[in-house]
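One structure is given below, encoded as structure tokens.
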Amino acid sequence: MRKEVKDLGNSITDLLNIKYPIVQGGMGNVSDPKLSAAISNAGALGTIGVGTLPAEEVDRRIKIMVEHTDKPCCVNIPISVHPEVEKVMEKVLHNQVPVVSLSAGNPAKYIPMFHNEGIKVICVTASVKQAKKAEESGADIIVGEGYEAAGINALNESTTMTLIPQLSREVSVPVIAAGGIGDGRGLAAALSLGAAGIQMGTRFIAVKESNFHNIYKQAIIDATDDSTVIIGRKYNKIRRIMKGEYTDKLLILENENVSFNEFNEKSSELYHEIGALDGDMENGFINSGQIAGLIDDCPYVIELMERMVEEAKDILKNSTEKLQELSQGDWGIIDEGKRRRNINSS
């Protein structure tokens with residue numbers, strides 16, 4: 001019989017030594033180490049992404065993050081994206097970061113190196129095949145990311161709703177759901193689908209502790225259900241970003257079939273930084289997941305965490321009560337449906 005654990009504690013919280021089964025997604029070049037520390041201090045797992053940042057800048061941000069929290073924290077490394085991936089891995093090892101998240105590439109040869117130093121390894125995947133390979137390679141936790149998520153996504157474009165139940169069935173290590181989650185309802189849904197926790201990125205843009213430009217935060221708060229768009233399909237490099245003036249320019253370039261190199265340069269992290277940190281939407285863009293349409297406030301991180309967990313617990317409790325009511329045999333509507341079918345068939 002499953003025990004009731006305060007704060008939704010489970011395999012994820014036990015493995016990562018955190019209070020809530022919530023992980024921050026890596027935010028690449030715009031990662032804010034103080035925000036990540038605040039997330040860890042609030043009981044979740046704060047994460048900075050290395051993106052394409054120079055190794056020394058990665059080292060600087062890691063040091064800021066660990067100086068501002070004594071709780072577990074994480075660094076996300078996109079293996080095939082960073083030009084000096086082994087150098088940034090050395091920085092993670094040197095700073096004794098307790099958790100590493102590996103994405104955008106084959107993690108197999110790197111996992112033993114981190115395990116040898118007692119570092120837990122999360123692998124971000126977008127398919128059952130990737131997840132099974134990551135598990136075989138020794139991943140401690142699998143993140144299944146649907147293409148609702150912000151930023152660079154997988155070409156198969158699987159949704160979180162369909163991906164997570166399949167991963168939960170096919171792998172034995174804990175699964176974290178990512179993409180399209182931003183409140184307690186999403187947390188409860190992920191747990192119901194078989195995940196042990198969630199990963200969020202867009203929701204952490206609009207919090208008081210983040211250093212993103214106010215234009216970015218307000219764009220997330222003002223977003224509707226159709227405020228994001230996918231770019232890069234023609235180049236097999238899809239990315240979900242917020243609609244805007246510079247986004248329109250990128251879509252025009254894509255429709256004009258400019259070369260991959262030109263499109264890749266115009267949609268690089270440089271222009272992401274211009275939008276996210278400078279708030280210049282004419283000359284830069286901002287990443288955003290589809291969940292932005294659900295976000296309408298800018299709380300402190302601790303307020304967000306507590307609200308989400310309480311909401312999820314209430315939803316799961318109410319769902320259990322409803323299932324118990326059904327199991328007690330109130331089948332009048334179903335019996336009436338059978339009666340009507342019998343009449344029609346006679």
Side-chain angles (χ1 to χ4, degrees), residues 20 22-39 41-42 44 46-49 145-153 160 177-190 198-231 239-248 250-251 269 271-312 315:
Y20 303 129
I22 299 171
V23 174
Q24 178 190 10
M27 296 180 177
N29 287 35
V30 301
S31 290
D32 175 2
K34 290 184 179 180
L35 168 63
S36 300
I39 291 169
N41 288 334
T47 304
I48 59 170
E145 184 172 72
Y147 98 121
E148 300 96 322
I152 296 173
N153 282 307
T160 304
I181 302 169
D183 64 4
R185 290 171 292 183
L187 172 56
I198 60 171
Q199 177 175 288
M200 301 193 303
T202 302
R203 173 65 267 199
F204 286 126
I205 301 297
V207 292
K208 294 193 186 304
E209 291 93 335
S210 74
N211 74 339
F212 303 107
H213 199 282
N214 284 337
I215 287 177
Y216 191 179
K217 294 185 181 184
Q218 196 61 47
I220 296 294
I221 292 170
D222 293 340
T224 64
D225 61 327
D226 68 345
S227 290
T228 70
V229 65
I230 291 288
I231 62 168
R239 183 170 192 152
R240 185 175 296 282
I241 63 177
M242 185 76 75
K243 292 177 180 178
E245 193 170 349
Y246 189 77
T247 301
D248 291 341
L250 291 175
L251 291 170
E269 282 299 306
Y271 297 94
H272 182 204
E273 292 175 45
I274 291 172
L277 303 179
D278 299 339
D280 183 352
M281 300 300 289
E282 181 180 355
N283 297 297
F285 65 88
I286 51 178
N287 286 343
S288 174
Q290 287 182 311
I291 198 63
L294 194 65
I295 298 169
D296 58 9
D297 65 349
C298 188
Y300 286 103
V301 170
I302 187 63
E303 293 173 344
L304 175 64
M305 295 293 95
E306 292 176 350
R307 184 173 73 194
M308 285 183 61
V309 170
E310 286 306 310
E311 183 180 19
I315 289 169

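Put simply, CD on Q290 and CD1 on I230 are 7.5 Å apart, with the number rounded to the nearest 0.5 Å. We find the CG-NZ distance between D226 and K243 to be 4.5 Å, quoted to the nearest 0.5 Å. To the nearest 0.5 angstrom, I220 atom CD1 is 9.5 Å from R203 atom CZ. In this structure, CE in M27 is found 9.5 Å from CG in N287, a value given to the nearest 0.5 Å. We find the CE-CD1 distance between M308 and I22 to be 4.5 Å, quoted to the nearest 0.5 Å. One distance of note links CZ of F285 with OH of Y271; it measures 10.0 Å at 0.5 Å rounding.
Considering only residues two or more places apart in sequence or on other chains, D183 meets the salt bridge (Lys or Arg N to Asp or Glu O under 4.0 Å) condition with R185. In this structure Q24 satisfies the side-chain hydrogen bond (donor to acceptor under 3.5 Å, both in side chains) test together with S36, sequence neighbours excluded. With sequence neighbours left out, the ring pair (Phe, Tyr, Trp, His ring centres under 6.0 Å) criterion links H213 to no other residue. Y147 is linked by a ring pair (Phe, Tyr, Trp, His ring centres under 6.0 Å) to nothing, counting only residues two or more places apart in sequence or in another chain. With sequence neighbours excluded, the residues satisfying salt bridge (Lys or Arg N to Asp or Glu O under 4.0 Å) with E269 are R239. With sequence neighbours left out, the side-chain contact (heavy atoms from CB on, under 4.5 Å) criterion links N214 to K217. Scanning for side-chain hydrogen bond (donor to acceptor under 3.5 Å, both in side chains) contacts around D222 gives Q218, with sequence neighbours left out. Scanning for ring pair (Phe, Tyr, Trp, His ring centres under 6.0 Å) contacts around Y216 gives F212, with sequence neighbours left out. Applying the side-chain hydrogen bond (donor to acceptor under 3.5 Å, both in side chains) criterion to E148, with sequence neighbours excluded, gives T160. With sequence neighbours excluded, the residues forming a side-chain contact (heavy atoms from CB on, under 4.5 Å) with A190 are A177, I181, A195, I198, listed by chain and number.
The salt bridge (Lys or Arg N to Asp or Glu O under 4.0 Å) contacts involving residues 273-292 comprise nothing, where partners must be two or more places apart or lie in separate chains.
Put simply, the side chain of T202 gets close to the backbone of G289: a donor and an acceptor are under 3.5 Å apart. Distance alone, capped at 3.5 Å, is enough to place a donor-acceptor pair between the T247 side chain and the M242 backbone. A side-chain donor-acceptor contact under 3.5 Å links N153 to the backbone of G151. Although no hydrogens or angles enter the test, the distance criterion places no donor-acceptor pair under 3.5 Å between the side chain of S210 and the main chain of L35. Distance alone, capped at 3.5 Å, is enough to place a donor-acceptor pair between the D32 side chain and the N211 backbone.
The minimum heavy-atom distance linking I315 with A188 is given by the pair CG2-CB, 3.8 Å. For the residue pair A276 and V30, the shortest heavy atom distance occurs at CB-CG1, 3.8 Å. The two atoms that bring Y246 and N283 nearest to each other are CD1-C, 3.6 Å, heavy atoms only. Across all their heavy atoms, I221 and C298 have their closest contact at CD1-CB, 4.1 Å.
The side-chain heavy atoms of I241 and T228, taken from C-beta on, include no pair separated by under 4.5 Å.
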Result block: side-chain N/O donor-acceptor pairs under 3.5 angstrom for residues 299-307, not counting sequence neighbours:
from: E303; atom 1: OE1; to: Y300; atom 2: N; distance (Å): 3.2
from: R307; atom 1: NH1; to: D297; atom 2: OD2; distance (Å): 2.8
from: R307; atom 1: NH2; to: D297; atom 2: OD2; distance (Å): 3.3

